[in-house]
Amino acid sequence: MNGPLRAVAPAVVLPALAAFACAAGSAPRSADEGSDPALRLSLSTGEGSPPAGAPVVLELTGTNDGQATLILDFPDAQRYDFEVISEDGAVVWRWAEGRFFAQVLGRETLEPGASLRWSASIEAGLPAGVYRVLATLTTVEPRAVEATLTVLPRS
């Protein structure tokens with residue numbers, strides 16, 4: 001028969017947490033510890049201005065411009081997302097829409113000078129207009145970069 005639950009004295013727990021925090025300090029830096037200036041995000045919307053209805057390829061690149069290895073922590077299996085937003089603020093296309101992601105923590109390691117790339121294609125194209133494209137690295141503390149995409153009327 002088990003007795004009542006007993007609280008662990010703070011005097012025992014706090015030194016253990018302090019020792020863990022000191023040991024963790026020697027590990028590679030996590031890019032999720034606030035905004036890390038060593039991680040540079042860039043977004044490509046393809047070459048030039050595509051005509052209406054032509055496929056559009058979007059590419060998000062994360063580059064470690066620092067001297068230390070970066071660890072990117074993710075809350076699930078998703079690594080990125082792209083949103084295409086019209087001039088009136090409506091989201092007209094979102095890469096992750098209708099997709100499901102495994103609910104498992106993830107981690108990517110980015111060595112100094114190395115890059116990771118993620119891309120998506122809008123096969124059906126977009127109507128003519130000017131769009132805001134938002135690319136998000138879906139880390140525990142998400143980071144985003146944006147660009148403007150002009151889609152020309154079909155000739």
Side-chain angles (χ1 to χ4, degrees), residues 16-155:
L17 288 175
F20 175 75
C22 290
S26 62
R29 279 186 32 209
S30 171
D32 291 321
E33 294 170 4
S35 180
D36 195 319
L39 180 63
R40 177 174 41 90
L41 294 180
S42 58
L43 169 61
S44 169
T45 59
E47 295 180 26
S49 298
V56 177
V57 176
L58 306 174
E59 183 175 85
L60 172 62
T61 304
T63 303
N64 181 354
D65 285 340
Q67 300 299 314
T69 299
L70 291 177
I71 304 297
L72 303 173
D73 291 313
F74 296 87
D76 56 27
Q78 183 179 6
R79 297 296 183 258
Y80 63 94
D81 199 2
F82 293 102
E83 288 181 314
V84 178
I85 303 161
S86 66
E87 290 180 284
D88 66 2
V91 175
V92 297
W93 184 85
R94 183 169 177 234
W95 177 80
E97 186 73 30
R99 296 176 189 262
F100 296 96
F101 302 95
Q103 297 301 300
V104 56
L105 297 176
R107 178 170 273 184
E108 300 281 346
T109 302
L110 199 53
E111 297 298 328
S115 296
L116 291 171
R117 287 181 178 76
W118 301 273
S119 64
S121 181
I122 307 171
E123 293 300 323
L126 297 164
V130 177
Y131 299 90
R132 188 173 136 231
V133 179
L134 184 66
T136 303
L137 183 64
T138 59
T139 50
V140 172
E141 290 183 19
R143 297 163 190 68
V145 61
E146 63 181 78
T148 300
L149 172 64
T150 302
V151 177
L152 302 175
R154 264 213 192 275
S155 314

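No experiment lies behind these values; they were computed from the predicted model shown.
Of the candidates L126, T45, L134, L126 is the only one forming a side-chain contact (heavy atoms from CB on, under 4.5 Å) with V84. Screening T139, L72, I71 for a side-chain contact (heavy atoms from CB on, under 4.5 Å) with R107, the sole residue that qualifies is I71.
The side-chain contact (heavy atoms from CB on, under 4.5 Å) test applied to V145 returns L41, L43, L60, A135, not counting sequence neighbours. Residues satisfying the side-chain contact (heavy atoms from CB on, under 4.5 Å) criterion with A102, sequence neighbours excluded, are A77, V104. By the side-chain contact (heavy atoms from CB on, under 4.5 Å) test, P127 pairs with Y131, sequence neighbours left out. In this structure S42 satisfies the side chain to side chain donor-acceptor pair (under 3.5 Å) test with no other residue, sequence neighbours excluded. Residues satisfying the side chain to side chain donor-acceptor pair (under 3.5 Å) test with R154, not counting sequence neighbours, are none. In this structure D76 satisfies the salt bridge (Lys or Arg N to Asp or Glu O under 4.0 Å) test with no other residue, sequence neighbours excluded.
Applying the side chain to side chain donor-acceptor pair (under 3.5 Å) test to residues at least two apart or on different chains, the pairs with a partner in residues 111-128 are T63-S115, T69-E111, S121-E123. Among residue pairs with one or both ends in residues 125-137, those qualifying as salt bridge (charged side-chain N to carboxylate O under 4.0 Å, His left out) are R132-E146; sequence neighbours excluded. The stretch residues 90-102 participates, sequence neighbours left out, in these side chain to side chain donor-acceptor pair (under 3.5 Å) pairs: D81-R94. Identified under the salt bridge (charged side-chain N to carboxylate O under 4.0 Å, His left out) test for residues 41-57, with sequence neighbours left out: none.
Heavy-atom minimum distance, Q103 versus F101: NE2-O, 2.9 Å. Here the closest heavy-atom approach between residue P112 and residue G66 is recorded as CB-O, 3.4 Å.
Not one N or O on the side chain of D65 forms a donor-acceptor pair closer than 3.5 Å with the backbone of R40. Without hydrogens or angle criteria, T136 side chain to Y80 main chain gives no donor-acceptor distance under 3.5 Å.
With contacts defined as side-chain heavy-atom distances shorter than 4.5 Å, the pair D73/L105 does not qualify.
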Legend entry - Intermediate values then yes/no, side chain to side chain contact (heavy atoms under 4.5 Å, CB included), E59 and T61: CA-CA 6 Å; E59 183 175 85; T61 304; 3.8 Å; yes
Inset, instruction - Might you work through the side chain to side chain contact (heavy atoms under 4.5 Å, CB included) test for L137 and L39, ending with a clear yes or no? - result: CA-CA 11 Å; L137 183 64; L39 180 63; 3.9 Å; yes
